[in-house]
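See structure below.
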Protein chains: 2
Amino acid sequence: MAQVSTERPAVRRRAATRERLLDAARTVLAREGIQGASVEHICEQAGFTRGAFYSNFASKDELVLALFDREREQMFTVLRAAADPSSFEGLDTLDAVGVIMDRFLLGQQQDREWYLVHAEFELRGVRDDAVGREFVAASRQVRTDFEAFLTSALEALGRRLTIELSHAATIVMGTYDTALREALLEDRPIDLGLLKGTLPALLLAVTEPVG
Amino acid sequence: MAQVSTERPAVRRRAATRERLLDAARTVLAREGIQGASVEHICEQAGFTRGAFYSNFASKDELVLALFDREREQMFTVLRAAADPSSFEGLDTLDAVGVIMDRFLLGQQQDREWYLVHAEFELRGVRDDAVGREFVAASRQVRTDFEAFLTSALEALGRRLTIELSHAATIVMGTYDTALREALLEDRPIDLGLLKGTLPALLLAVTEPVG
DNA sequence: TGTATCCAATACGTCAATGTATCGAGTATG
DNA sequence: CATACTCGATACATTGACGTATTGGATACA
């Protein structure tokens, strides 16, 4: 975290402008898409004019990359906190699974805006090689973090997987993504019965007691 | 299928132009995105000028909807054919699962272009209410078809699910989507070990013999 | 063979968005 | 208190994409 109060006021102000522009970009990109969002719209959402924008960013592309970096950092922080195994020791197995899933759901910040921006990044990553490499690197790290999370969570429950770790991770993350996407598309709450009932049960069915 | 040869030549020619424009749109939309693709680019991909375009479509939006309809039709056709249970009777269980998965993989036309266009539609569906309703209706139909496919496939194997059908469908479709997305992002083949090994085994683990 | 019809090409006006260059206000510093 | 500087606002030139209106040419039909 940056030591905000030790900076000079001018620097603080500039940083605040940048943040406001990034916040606005998140909202507007979610609403209009990366290509559809104009610099103008982002600026009026932030309460600035384009002058402020070009004083802080060289182009829309630069803004998008900066936003991606910021969101990625934040995602890692949340995921790493969720992966801390100290908090689900000694719980009954099914309760613990519930706790883990709750934390995962919270950690993923299942709000519409985040999903939309992330999907935009992803699509751009598949399409554009340069952006793609960056996105792939970030995605790999998320996956690595999630696999560590899964392993330590199961370990805390005294169990280990009987299928490949990467397969388990894909199944859980894929099911979560799809459930969230369908919920957003149909404008209804996410299917908790699937995420907190069926999916954990399924996962536990392919584990064995350790030792 | 349209009865191409019974139409008058002028009508045939017009229809061919439309198809060429739709094909071009598929390619260009995959490359540049719905918002990023200009009518100009679509036309030069098709080998026409904008005059031809506006002679056949009122706007880019109309073209996009027409493309969506065409792709959806095609997807349904393939999925319904794959769901025909007559072809996997009497097979050994694991072999049959392999056949089913192969067919599903083929049916989903796992090429990059299709994935990108579909993802564009989906994103637009989440964002835009009007498009959203259409996309949701189409997605529901795909899901219904897939659930029917899954049920009849398992039935042909003499088994039935012990978990909710919709949950099983989400898990399988979600895993497939995610595996495909990761493969495209990392530019490598899709993980067949997951799709033809782990996932079917997992699914069979939550079924019971019928009767 | 001549004519009518239809389709795609060309040319044009409009508009929105971009990025740059300049200006004015607020703030740090001596 | 005065001056220099930085940041954000305003104004402007440029670009490119859209949709329309019109034209040229190919094909069907008498």
Side-chain angles (χ1 to χ4, degrees), chain A residues 2-25 27-67 120 124 127-128 131, chain B residues 2-25 27-67 120 124 127-128 131:
Chain A
Q3 310 167 351
V4 281
S5 50
T6 65
E7 306 285 355
R8 288 163 49 209
V11 176
R12 273 224 311 272
R13 194 158 85 97
R14 190 165 184 76
T17 301
R18 247 185 96 92
E19 286 303 302
R20 266 172 67 192
L21 283 169
L22 286 172
D23 291 341
T27 302
V28 175
L29 292 190
R31 190 169 59 225
E32 306 176 12
I34 290 181
Q35 295 159 323
S38 66
V39 172
E40 181 76 41
H41 285 172
I42 294 169
C43 290
E44 67 191 35
Q45 171 76 26
F48 290 114
T49 60
R50 295 212 324 285
F53 180 89
Y54 285 104
S55 168
N56 281 277
F57 299 97
S59 66
K60 197 172 84 177
D61 273 6
E62 196 185 293
L63 171 81
V64 168
L65 286 182
L67 179 63
E120 286 283 336
R124 191 163 162 157
R127 190 177 294 131
D128 181 321
V131 177
Chain B
Q3 308 166 352
V4 282
S5 51
T6 65
E7 307 285 354
R8 288 165 50 212
V11 175
R12 271 222 314 270
R13 194 158 84 98
R14 191 167 182 73
T17 301
R18 248 185 95 93
E19 287 302 302
R20 267 174 66 194
L21 282 169
L22 286 173
D23 291 343
T27 302
V28 176
L29 291 190
R31 190 169 58 224
E32 306 177 13
I34 291 182
Q35 295 160 324
S38 67
V39 173
E40 181 77 42
H41 284 173
I42 294 169
C43 290
E44 66 191 39
Q45 170 76 27
F48 291 114
T49 60
R50 295 216 321 284
F53 181 88
Y54 285 105
S55 166
N56 281 278
F57 299 96
S59 65
K60 198 173 84 176
D61 273 6
E62 195 184 295
L63 169 81
V64 168
L65 286 182
L67 179 62
E120 285 282 336
R124 190 162 163 157
R127 191 176 293 129
D128 182 320
V131 176

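Each chain gets a letter, A, B and so on, in the order the sequences are listed, and its residues count up from 1. Everything numeric here is computed off the predicted structure, so don't read it as measured data.
The shortest non-hydrogen separation linking A:Ala66 to A:Arg18 is CB-NH2, 3.9 Å. Among all heavy-atom pairs drawn from B:Cys43 and B:Phe53, the shortest one is SG-CB, 3.5 Å.
Rounded to whole angstrom, the span from the OH atom of B:Tyr54 across to the P atom of D:dG19 amounts to 4 Å. Rounded to whole Å, atom P of C:dT10 lies 17 Å from atom CZ of B:Phe53. For the pair B:Arg18 CZ and C:dC7 P, the interatomic distance rounds to 12 Å; values are reported in whole Å. Nucleotide C:dA16 holds its P atom 14 Å from the CD atom of A:Glu32, rounded to whole Å. Distance, A:Lys60 NZ to C:dA16 P: 16 Å, rounded to whole Å. In this structure, A:Phe57 atom CZ and D:dC7 atom P are separated by 13 Å, rounded to whole Å. Straight-line distance from the CD atom of B:Gln35 to the P atom of C:dA16: 17 Å, rounded to whole Å.
Residue pairs that meet the salt bridge (charged side-chain N to carboxylate O under 4.0 Å, His left out) test with at least one member in residues 52-67 of chain A, sequence neighbours left out, are A:Asp61-A:Arg124.
Shown here are the salt bridge (charged side-chain N to carboxylate O under 4.0 Å, His left out) partners of B:Arg20, two or more places apart in sequence or in another chain: there are none. Under the side-chain contact (heavy atoms from CB on, under 4.5 Å) criterion, B:Gln45 pairs with B:Ala24, B:Thr27, B:Val28, B:Arg31, not counting sequence neighbours. Remark: A:Glu40 pairs with A:Arg50 by the salt bridge (charged side-chain N to carboxylate O under 4.0 Å, His left out) rule, at least two apart or across chains. With sequence neighbours left out, B:Glu19 forms a salt bridge (charged side-chain N to carboxylate O under 4.0 Å, His left out) with B:Arg70. Looking at residues two or more places apart in sequence or on another chain, you find no ring-ring contact (aromatic ring centres under 6.0 Å, His included) involving A:Phe48.
Between A:Asn56 and D:dC7 there is no side-chain polar atom (N or O) within less than 4.0 angstrom of OP1 or OP2. Considering only side-chain N and O atoms, B:Thr17 lies nowhere under 4.0 angstrom from the phosphate OP1 or OP2 of C:dC7.
Rounded to the nearest 0.5 angstrom, B:Leu29 CG and B:Leu63 CG are separated by 7.0 Å.
Of the possible donor and acceptor atoms, none in the side chain of B:Glu32 sits under 3.5 Å from a partner among the backbone N and O of B:Ile42.
From one end of the helix from C:dT1-D:dA30 to C:dG30-D:dC1 to the other, with five pairs defining each end axis, the axis direction shifts by 10° (rounded to 10°).
Closest contact between the side chain of A:Ser38 and the listed nucleotides D:dG8, D:dA17, C:dT18 involves C:dT18.
If you check residues 39-49 of chain B against DNA chain C, the residues with a heavy atom closer than 4.0 Å are B:Phe48, B:Thr49, listed by number.
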Restricting both atoms to N or O, compile the protein contacts to nucleotides 11-15 of chain D shorter than 3.5 Å, with distance only.
none

### Task
Please test A:Phe57 against A:Val39 for side-chain contact (heavy atoms from CB on, under 4.5 Å), starting from the C-alpha separation and ending with a verdict.
CA-CA 11 Å; A:Phe57 299 97; A:Val39 172; over 6 Å; no
